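First up is the structure itself, then whatever we jot down about it.
Everything quoted here is computed from the prediction, not taken from an experiment. Atom set for the values below is all heavy atoms of this structure, side chains included, hydrogens, waters and symmetry mates excluded.
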Amino acid sequence: MRNKELLLIPGPTPVADSIYDAMVQETWGHTDLRFAKMYKESIEATKQMLKTDGEVFVISGSGTLAMEMALVNTVASGEKLLVISHGYFGDRFIKLGQAYGIEIDVVQSEWGKHIDVTEVDKKLSENKYKAVTITHADTSTGVASNLDLLVPLIKKHGALVILDGVCATGAIEEDMSKTYGSPDAKIDVVLTGSQKAIGVPPGLAIVAFNQTALAAREELDRVPAYYCDIKNWLPIMHDPTKYFATPAVNMIYGYREGMRLVLEEGMEKRYIRHKQYGQAVRSSLREYGMKPLADEGVAAATLSCILYPDGVDDAEFRSSLAKKGVIVAGALAHLSGKAFRIGHMGNTTKEMLAEAIERIGETLIELGLAANIDRALEQFEESFNVTIN
Ligand SMILES: *Cc1c(COP(=O)(O)O)cnc(C)c1O
């Protein structure tokens with residue numbers, strides 16, 4: 001890859017050369033037939049990735065816009081939304097919903113732990129919610145939600161399941177055709193951004209609505225939004241020679257290539273690859289005395305939040321590591337200064353991660369701590385032999 005640095009933050013993530021190449025093609029008109037064909041292919045590829053028989057929207061914006069599109073097109077002002085939050089990004093739905101006058105209830109977990117499902121059950125039994133949001137992988141904590149438990153529970157109570165896949169889509173299973181227990185227990189809305197597990201630069205908001213979610217949009221009639229009203233975008237998603245608002249032409253070039261790479265690899269392979277990455281990164285960092293915030297049973301395949309051993313200064317650690325070409329992110333909120341976050345998703349390779357483990361060891365030694373780099377790298381390799389189911 002042409003990238004000079006290992007960008008191992010939880011998004012943006014390393015961009016493959018072929019994606020860069022696609023993006024520097026000449027900018028065509030946004031309703032040009034040649035561009036319309038590419039845009040359409042990108043939309044179809046997204047549908048294939050998520051196995052949806054509904055509609056997919058790919059528009060300029062970031063993951064947060066995708067969150068907003070998901071909410072504003074399904075839940076009206078005055079209706080109730082239950083937010084299931086495993087951290088900072090789960091909590092983001094609270095303010096977002098409040099901005100639209102939606103009534104919010106929240107079930108929050110302790111950071112690094114799963115939420116208490118009985119609490120969710122209780123809330124669902126006591127209230128009538130229009131929808132429930134789940135953050136698939138909370139990027140602040142590295143915790144992945146348990147969809148097998150949550151989706152059937154929510155659907156039993158008749159609410160829509162809105163899944164924030166910004167740090168998961170393309171890397172952790174999100175199959176919109178999958179039934180969780182009963183025939184109609186499916187994920188209704190999946191939203192993501194281009195720059196995380198899909199591995200395209202930031203710039204696109206991606207949202208998929210199944211037929212149930214599309215029906216919910218119909219029932220709302222008017223929504224308090226214009227740019228993110230899916231009804232304004234639907235004609236364009238069907239026929240991109242039509243105009244609503246100018247799409248990010250070169251971003252679509254890049255996204256189309258990114259999606260080609262995703263489908264070429266295949267979803268099952270990607271899910272396994274990411275699980276292996278997660279295990280390998282966390283088990284090798286444990287060799288350095290670094291503890292992941294989330295236990296292995298709840299940890300996300302795409303990123304990890306790693307607590308520093310005593311005596312490591314966050315800013316010093318990350319800047320020394322950056323000088324060696326490895327970029328990791330600081331932790332958020334109350335964990336700021338106490339942990340760092342490392343992404344292991346998208347176009348990231350096993351070789352890149354092995355290099356990062358080595359550089360992290362060197363950095364710790366530089367900072368005066370002990371680190372057995374050989375042992376960590378052995379552990380890294382061994383993790384790839386562990387069977388994944
Ligand atoms: C990054 C992220 C977001 C926000 O996406 P932006 O592209 O920064 O707007 C939302 N949810 C999750 C889980 C994320 O990781």
- [ ] Classify the side-chain pair Asp314/Tyr308 by whether it contains a donor and acceptor separated by less than 3.5 Å.
- [x] yes
- [ ] For residues Phe384 and Phe380, establish whether the separation of their ring centroids is below 6.0 Å.
- [x] yes
Open item on the list: Are Val107 and Asp116 packed together at the side-chain level, in the sense that at least one heavy-atom pair is separated by less than 4.5 angstrom?
Closed with: no
TODO: Establish whether Ile134 and Ile104 are linked, either directly or via other cluster members, by ILVMFWY side-chain heavy-atom contacts under 4.5 Å.
DONE: yes
Task: Between Tyr20 and Tyr253, ring centroids under 6.0 Å - done: no
Open item on the list: I'd like to know if Lys350 pairs up with Glu381 as an ion pair, taking the criterion as any Lys NZ or Arg NE/NH1/NH2 lying under 4.0 Å from an Asp or Glu carboxylate oxygen.
Closed with: yes
Task: Path from Phe244 to Ile43 over hydrophobic side-chain contacts below 4.5 Å - done: yes
TODO: Would you mind reporting whether Met267 and Met49 have side-chain heavy atoms less than 4.5 Å apart?
DONE: yes
- [ ] Kindly confirm or rule out a cation-pi arrangement of Lys156 over Tyr180, judged by NZ or CZ under 6.0 Å from the six-membered ring centre and within 45° of its axis?
- [x] no
Open item on the list: Does Arg318 form a side chain to side chain contact (heavy atoms under 4.5 Å, CB included) with Val328? I'd like the steps, not just the answer.
Closed with: CA-CA 7 Å; Arg318 284 191 291 125; Val328 296; 3.7 Å; yes
Task: Separation of Ile162 CD1 from Thr135 OG1 (nearest 0.5 Å) - done: 11.0 Å
Task: Asp32 bridged to Lys37 by N-O distance under 4.0 Å - done: no
TODO: Say whether Gln108 and Asp91, considering side chains only, have a donor N or O and an acceptor N or O under 3.5 Å apart.
DONE: yes
Open item on the list: For the residue pair Thr64 / Arg92, report whether a side-chain donor-acceptor contact shorter than 3.5 Å exists.
Closed with: yes
Open item on the list: For Glu264, is there an ion pair with Lys269 - N to carboxylate O distance below 4.0 angstrom?
Closed with: no
Open item on the list: Just by distance, no angles: are the side chains of Asn210 and Thr52 close enough, under 3.5 Å, to form a donor-acceptor pair?
Closed with: no
Task: Distance-only side-chain donor-acceptor flag, Tyr129 / Glu79, under 3.5 Å - done: no
- [ ] Would you mind reporting whether His157 and Ser125 have side-chain heavy atoms less than 4.5 Å apart?
- [x] yes
- [ ] Please examine the side chains of Ile154 and Leu82, heavy atoms only from C-beta on, and report whether any two atoms are closer than 4.5 Å.
- [x] no
Task: Under 3.5 Å side-chain donor-acceptor pair for Ser283 and Ser383 - done: yes
- [ ] Could you tell me if the ring centre of Tyr243 sits under 6.0 Å from that of His30?
- [x] yes
Task: Check: Asp184/Ser182 side-chain N/O donor and acceptor closer than 3.5 Å - done: yes
Task: His86 and Trp111 aromatic centres sub-6.0 Å - done: no
Task: Flag for Thr302-His344: side-chain donor and acceptor within less than 3.5 Å - done: no
Task: salt bridge (charged side-chain N to carboxylate O under 4.0 Å, His left out) partner of Glu41, chosen from Arg256, Arg34, Arg260 - done: Arg256
Open item on the list: For a quick check under 3.5 Å, do Thr169 and Glu174 share a side-chain donor-acceptor pair by atom type?
Closed with: yes
Task: Side-chain touch Leu81/Glu103, heavy atoms, less than 4.5 angstrom - done: no
